[in-house]
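Structure first, commentary second.
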Amino acid sequence: MRASTLSLRTAGGRCLLALGVGAATLCGPANAGESTAPAPARIVAIDAPSNLGLRPPRPGREPGVRRLPEALRGAGLLTALSARDAGRVEPPAYSPKPDPVIGFRNGAALRDYSQRLADRLQPLLRSGDFVLVLGGDCSVLLGSGLALKQRGRYGLAFIDAHDDFSFVRDRKRYHGYFTAAGLDLGLATGHGPAALADLRGQSPYFRSGDVVHLGLVVTQDDKRGYEFETFERSGIHSIDADAIRREGAPAAGRAARTRLEAMPTAGFWIHLDADVLAQRIMPAVDSPNPDGLEFAELRAMLAQLLASPKAVGLELTIFDPELDPDGSHARQLSAAIAGAFADSGRWPSPRAAR
């Protein structure tokens, strides 16, 4: 969730859904016949409305992403998916102040909240239900990653316009002000302070080689200002936005799925950040992306991932309802998510979102 490029590159059952992006026109089925796994017994939704990982949008104002769950519920997403309500993990109060000890804004609160979220996810994972997590900013990945790591080794499909891995080059200047929502992938793969990257001694929550990044957009400013070379050397496999457009979203989704299924893991989690979508169709995010994907592309790619019997989770993050006064973007996003589930072939066609 920082800024934004695109070409295929290597940078060196049961499911969970924690939302983060998209809506669109109908796409064809995701070759659902390839998966013989039975559909999960039910979908269970849980809210994780944390905004602790973001900077203030302006002085005296806290990030509006905390309202994401209410907006998507209001748009009819849970009804469309026939999801059972598993409640809410209430975050601590947001603070704009720096944390010089941990180095990340709201660092101590994030440390504690991530563990509480992991504890709430554990029984849902054990139950065999499909868990839908409605964030929140991207730092909710720390809680879901911890919950999964405590169960075993899992892969990660990371759908985001930004790498969320590379630190700013002038680290000393920004110490205390780092934002976990812009570095969540780095933290989840073991890079950063132990207070966030090594909760309960479980670092890394995901091995870098078990991660596939989809939708990256990188500018020259990004490369100048951030340590992007660390992402390129990380071992994370990247299918950037240009490659998705060039090869087609279904093919990109299948390529990611094939790679994730071949890993010696118990399954894989899906992280979805709404800023992977183009700014003209999804401006309601903290870091809009002019060169992002279309709703139809996101839906088609996500359907391919959801079709895998190894897909164990999906989290939706960063959509900010305060930047969507008429609710139209929430409705589009909800429709795209519900459509991807239907297109995957693992779930019945959902009822239409509002």
Side-chain angles (χ1 to χ4, degrees), residues 1-12 20-32 34 155-166 185 208-223 226 228-229 231-263 268 270-283 285 287-308 311 314 318 332-333 336-337 339-340 343-344:
M1 62 165 309
R2 180 182 61 244
S4 358
T5 326
L6 333 148
S7 86
L8 186 60
R9 141 185 354 107
T10 297
V21 192
T25 60
L26 276 171
C27 302
N31 297 329
E34 296 175 8
L156 176 65
F158 192 85
I159 305 173
D160 196 312
H162 310 113
D163 66 54
D164 284 14
F165 183 96
S166 307
L185 183 55
S208 294
D210 292 343
V211 178
V212 177
H213 191 299
L214 299 111
L216 184 64
V217 177
V218 182
T219 67
Q220 289 304 310
D221 285 344
D222 294 333
K223 293 182 178 181
Y226 295 85
F228 183 67
E229 65 277 5
F231 176 75
E232 295 182 300
R233 296 195 303 260
S234 68
I236 293 171
H237 187 76
S238 177
I239 304 175
D240 66 24
D242 278 342
I244 292 169
R245 282 191 280 264
R246 184 174 61 249
E247 305 298 331
R254 283 194 297 272
R257 171 185 168 181
T258 297
R259 189 177 184 91
L260 290 159
E261 287 181 334
M263 296 171 181
F268 66 87
I270 305 169
H271 170 91
L272 181 54
D273 181 332
D275 71 18
V276 78
L277 292 163
Q279 181 176 2
R280 61 183 173 76
I281 59 171
M282 179 48 70
V285 294
S287 184
N289 172 21
D291 298 317
L293 304 179
E294 300 296 322
F295 277 126
E297 291 173 318
L298 174 64
R299 176 172 173 168
M301 184 171 66
L302 181 58
Q304 294 291 337
L305 294 167
L306 290 170
S308 173
L314 169 67
I318 290 302
Q332 288 180 300
L333 183 55
I337 299 299
D343 296 346
S344 76

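- Residue S308 holds its OG atom at 3.5 Å from CD of E261, rounded to the nearest 0.5 Å.
- The shortest side-chain heavy-atom distance between L156 and D210 does not fall under the 4.5 Å cut-off.
- In this structure the side chain of L305 reaches within 4.5 angstrom of the side chain of L260, judged on heavy atoms.
- In this structure a side-chain-to-backbone donor-acceptor pair under 3.5 Å is missing from Q304 to M301.
- Residues A252 and I244 come closest through the heavy atom pair CB-CG1, 3.8 Å.
- Between M282 and D275 there is no side-chain heavy-atom pair separated by less than 4.5 Å.
- Here D164 contributes atom CG and L185 contributes atom CG; the two are 6.5 Å apart, rounded to the nearest 0.5 Å.
- Screening T219, D222, D163 against F228 for a side-chain contact (heavy atoms from CB on, under 4.5 Å) leaves a single residue, D163.
- Residues S208 and S234 share a closest heavy-atom pair of CB-O, 3.2 Å.
- Proximity of I281 to E294: side-chain heavy atoms (C-beta onward) are separated by under 4.5 Å at one or more points.
- To the nearest 0.5 Å, atoms CG (L214) and CD1 (I239) are separated by 5.0 Å.
- From L302, atom CG reaches atom CG of L293 across 11.5 Å, with rounding to the nearest 0.5 Å.
- Taking 4.5 Å as the limit, every side-chain heavy atom of N289 sits out of range of all side-chain heavy atoms of V276.
- Residue R257 holds its CZ atom at 9.5 Å from OG of S344, rounded to the nearest 0.5 Å.
- Taking the six-membered ring for Trp and the full ring otherwise, F165 and H213 have centroids separated by 6.0 Å or more.
- The aromatic rings of H271 and F158 lie parallel to each other, their planes meeting at an angle below 30°, with 60° marking the opposite boundary.
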Q: For M263 and V212, run side-chain contact (heavy atoms from CB on, under 4.5 Å): C-alpha distance rounded to whole Å, both residues' side-chain angles, the deciding distance at 0.1 Å, then the answer.
A: CA-CA 11 Å; M263 296 171 181; V212 177; 4.3 Å; yes
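- Proximity of I270 to I159: side-chain heavy atoms (C-beta onward) are separated by under 4.5 Å at one or more points.
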Q) Given L298 and L272, is the side-chain contact (heavy atoms from CB on, under 4.5 Å) satisfied, shown in steps? A) CA-CA 10 Å; L298 174 64; L272 181 54; 3.6 Å; yes
Q: Would you check, one step at a time, whether the test side-chain contact (heavy atoms from CB on, under 4.5 Å) holds for H237 with V211?
A: CA-CA 6 Å; H237 187 76; V211 178; over 6 Å; no
